[in-house]
Number of protein chains: 2
Amino acid sequence: MDGQDLKRRMAEFAGMCRQKGVIATHQRTEIYRELAGSSKHPCAEAVFKGVKKRIPAISLDTVYRALRLFESKGVISRCCTIGDRARFDADMGSHVHFVCTRCGRVLDVAGSAPSFLKAPPEAAAMGAVESVRVEVRGRCGRCGKK
Amino acid sequence: MDGQDLKRRMAEFAGMCRQKGVIATHQRTEIYRELAGSSKHPCAEAVFKGVKKRIPAISLDTVYRALRLFESKGVISRCCTIGDRARFDADMGSHVHFVCTRCGRVLDVAGSAPSFLKAPPEAAAMGAVESVRVEVRGRCGRCGKK
DNA sequence: AGTATTATTACGATTTGTTAGTAATTATTT
DNA sequence: AAATAATTACTAACAAATCGTAATAATACT
């Protein structure tokens, strides 16, 4: 995620908020920026720490509220739970995650074939599919070297 | 899961415990049986309630400890988190889950094509893959009829 | 078999992630 | 600029999960 990408994401954020009736306050904008500017799929606490550098008076509670609001409006997604902390992702496009079972890092798998992101027909027969989540678990490169 | 299947699973459990140095105590055996005998992917509390019928004095803490131990030894897996409760699965084979976003049910998707359970090559390049988890989210048949 | 040793269980108390109530603050409307 | 509505920050609460520990059960040893 370079500066250009982030800029585009922030513009999209403003548009989504307008469209979905979410007031893009200063705090919420910075919370989103923290999430969109990171490739770490951070937990609420990590987002809080990051935003705090720019808005020292922000409260953890506001971060939780904003993340929950964003999620309910489809602006971000709760991508997985590592340990017992929920991790978030500003990228709403279909993609695969690599989750390291040792260090807990969540990495984006670039350019995954679309076949991995379609629901199998047997699942489609079970109900109305809304989304498909593919998570590859294993030991990441950094943890691999024992 | 019929009686025959459960019986086979319990035998496999004994073998896995022996192999992995886990003492198969009475409590642990019943905890595993509760999980393997259910197709509901229960949370810790639900396992506790089930086992309690057979071992009234069992404590919730013992259930948590056993589930954590089993997970760390690869005997069971924590399949997902619904609401804020972790759900568990005794089936360690690759399979797809259908998670109902309305009622929280977690259903097994039978007979999914193996292509859905293979890691994409891009992911395999990122580290040592241990498992692939596919979660289809949507409204289940029961919740579908409004 | 009986004793020593080690591991597990149950209990209670704690910790921790997350949510809720509310007064003060900020943004929006008139 | 005053009034109205929404959001924020604070504190407290809640619930899932964990930890310390004494009692208990299981294993190893002789």
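For the numbers below, each heavy atom of this structure counts, side chains included, while hydrogens, waters and symmetry mates do not. Just so we're on the same page: letters track the sequence lines, and every chain starts at 1.
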For [X], which residues count as a side chain to side chain contact (heavy atoms under 4.5 Å, CB included) partner, sequence neighbours excluded?
{"X": "A/Ser94", "result": "A/Leu117"}
{"X": "A/Leu69", "result": "A/Val22, A/Arg28, A/Ser72, A/Lys73"}
{"X": "B/Asp61", "result": "B/Ser59, B/Arg65"}

Subject >> Nearest-angstrom distance from the residue atom NZ of A/Lys52 to P of D/dA9 >> reply: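 Interatomic distance, NZ of A/Lys52 to P of D/dA9: 11 Å.
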Subject >> With B/Tyr32 via ring-ring contact (aromatic ring centres under 6.0 Å, His included) - residues at least two apart >> reply: B/Phe13
**OP:** State, to the nearest 10°, the angle formed by the axis through the first five base pairs of the helix from C/dA1-D/dT30 to C/dT30-D/dA1 and the axis through its last five.
**Re:**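 Answer for the end axes of this duplex: 40°.
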Subject >> Under 4.0 Å protein heavy-atom contact, by nucleotide of nucleotides 11-27 of chain D - B base, S sugar-phosphate only >> reply: -----SBBBB------S
Subject >> ILVMFWY clustering at 4.5 Å (side-chain atoms), partners of B/Val106 >> reply: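 Hydrophobic cluster check, B/Val106: joined to B/Ile82, B/Val99.
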Original post:
Rest of the hydrophobic cluster containing A/Met92 (Ile/Leu/Val/Met/Phe/Trp/Tyr, side-chain heavy atoms under 4.5 Å)?
Top reply: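 Its cluster mates, by chain and number: none.
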Subject >> Option from B/Ile31, B/Asp91, B/Asp89, B/Leu35 for which side-chain contact (heavy atoms from CB on, under 4.5 Å) with B/Ile76 holds >> reply: B/Leu35
Original post:
Which residue pairs pass the side-chain hydrogen bond (donor to acceptor under 3.5 Å, both in side chains) test when at least one of the two sits in residues 76-87 of chain B, sequence neighbours left out?
Top reply: B/Glu71-B/Arg78
Original post:
Taking 5' to 3' order, which nucleotide of DNA chain C is first and which is last to have an atom within less than 4.0 Å of a heavy atom in chain A?
Top reply: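 Listed 5' to 3', the contact boundaries are C/dG17 to C/dT22.
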**OP:** Could you tell me which residues satisfy salt bridge (charged side-chain N to carboxylate O under 4.0 Å, His left out) with A/Arg105, sequence neighbours excluded, listed by chain and number?
**Re:** none
Identify all side-chain donor-acceptor contacts of residues 47-55 of chain A below 3.5 Å with residues at least two apart in sequence or on another chain.
{"unit_1": "A/Arg54", "atom_1": "NH1", "unit_2": "A/Glu30", "atom_2": "OE1", "d": "2.2"}
{"unit_1": "A/Arg54", "atom_1": "NH2", "unit_2": "A/Glu34", "atom_2": "OE1", "d": "2.3"}

